[in-house]
Amino acid sequence: MKVDLHNHSYFSDGFLSPKEIVRLASEANCDLFSLTDHDNTDGIAEAKDEAHKLGISLVNGVEISAFWRNSAIHIVGLGIDIDNDFLQTGLEFNQTLRKERAKKIALGLWRSGIKDALEKAQKISGGNMLTRTHFAQMLIQEGYCKDMKSVFRRYLSGRKPGGVRVEWKDFNEVIKWIHSAGGKALIAHPFRYRMTHTKIKKMLNDFKEANGDGFEVVNANSSAEEISLGNQWIEEYDLLASVGSDFHGWPNQRVQIGNLADLPNNSRAIWGYL
Ligand code: AMP
Ligand code: MN
Ligand code: MN
Ligand code: MN
């Protein structure tokens with residue numbers, strides 16, 4: 001069974017259309033696939049349509065920005081009803097925060113001498129929702145940095161020129177948005193938050209207490225050690241395991257759809273519960 005439940009289209013910070021992404025998933029022989037754009041579900045209808053044509057199973061998905069204590073983290077919602085009002089009101093709240101943040105990022109960049117950042121980032125996003133990825137790609141294209149890693153570190157995080165703190169909702173709230181839409185809530189890429197293992201385990205414990213359903217055990221760049229630890233924590237906190245590449249598809253990125261390690265233990269795989 002080939003599964004990839006975390007992918008982005010140009011409706012958030014991916015490069016390709018939902019249609020192109022579903023085609024890639026089909027070419028990679030995925031049996032089960034999800035489009036999980038950041039804070040919106042605008043690409044799902046197009047993805048559904050193409051998935052139907054190509055005979056591949058598509059799970060409705062979204063990746064929602066949230067807070068755990070003082071850290072910004074991502075919660076993936078899978079198997080959601082995209083017409084659910086409570087969920088969509090939550091997503092609209094996040095979209096508003098993003099619009100406000102984009103202006104502040106541009107202002108910060110302007111103060112450090114980078115002009116017209118908002119307009120240039122909007123050109124790259126094609127008028128769709130703005131994310132930090134669009135600012136990052138713009139700064140690379142303009143020659144300020146050579147790659148994504150350095151541009152986030154030097155311009156788009158913490159106290160750097162385009163670093164802006166956003167007051168996302170607590171993950172307790174976000175879990176409710178997902179559950180009211182009939183979906184499962186999963187912590188995305190737990191090893192990518194610059195947290196110690198002790199802190200990740202605290203987060204998993206709080207997530208379980210808040211009725212969260214699981215977390216991603218396998219991403220595109222997971223090490224064998226991370227997968228084995230994740231598998232252990234799934235048991236320890238009685239959670240479900242998900243698998244997703246976090247594909248974005250920009251020409252300067254290497255991650256491929258459906259090219260993922262297997263889960264060590266399939267009995268707690270999320271697809272048995274969707
Ligand atoms: P945003 O949701 O607008 O805050 O943008 C966050 C997105 O930026 C993430 O979903 C990633 O796709 C991307 N991102 C963050 N840090 C990095 C990094 N170091 N390298 C590449 N992409 C990153
Ligand atoms: Mn992203
Ligand atoms: Mn993420
Ligand atoms: Mn993602």
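Remember, it's 1-based here, ligands and their atoms both numbered in the order they're listed. No hydrogens, no waters, no symmetry mates; every other heavy atom, side chains included, goes into these values.
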Counting only pairs under 3.5 Å, give me each side-chain donor-acceptor contact of residues 18-28, with atom names and distances, residues two or more places apart or in other chains.
residue: E20; atom: OE1; partner: S17; partner atom: N; Å: 2.8
residue: E20; atom: OE1; partner: S17; partner atom: OG; Å: 3.1
residue: R23; atom: NE; partner: E50; partner atom: OE2; Å: 3.1

Residue pairs meeting ring-ring contact (aromatic ring centres under 6.0 Å, His included), one or both in residues 223-246, sequence neighbours left out, come to F191-W233, H197-W233
Hey, which protein N/O/S atoms does the Mn ion (ligand 4) have under 2.8 Å? H6 NE2, H8 NE2, E63 OE1, D246 OD1
Assess the residue pair F171 and F207 against the criterion (ring-ring contact (aromatic ring centres under 6.0 Å, His included)); give the C-alpha distance rounded to whole Å, side-chain angles, the decisive distance to 0.1 Å, and a yes or no. CA-CA 8 Å; F171 73 23; F207 195 67; 5.2 Å; yes
What pairs of donor and acceptor atoms, side-chain ones from residues 153-161 against any protein atom, are under 3.5 angstrom apart with sequence neighbours left out?
residue: S157; atom: OG; partner: F152; partner atom: O; Å: 2.7
residue: K160; atom: NZ; partner: R153; partner atom: O; Å: 3.1

Result of checking V218, N259, N7, N219 against S245 for side chain to side chain contact (heavy atoms under 4.5 Å, CB included): N7
Going hydrophobic residue to hydrophobic residue with side-chain gaps under 4.5 angstrom, can you get from Y10 over to L16? no
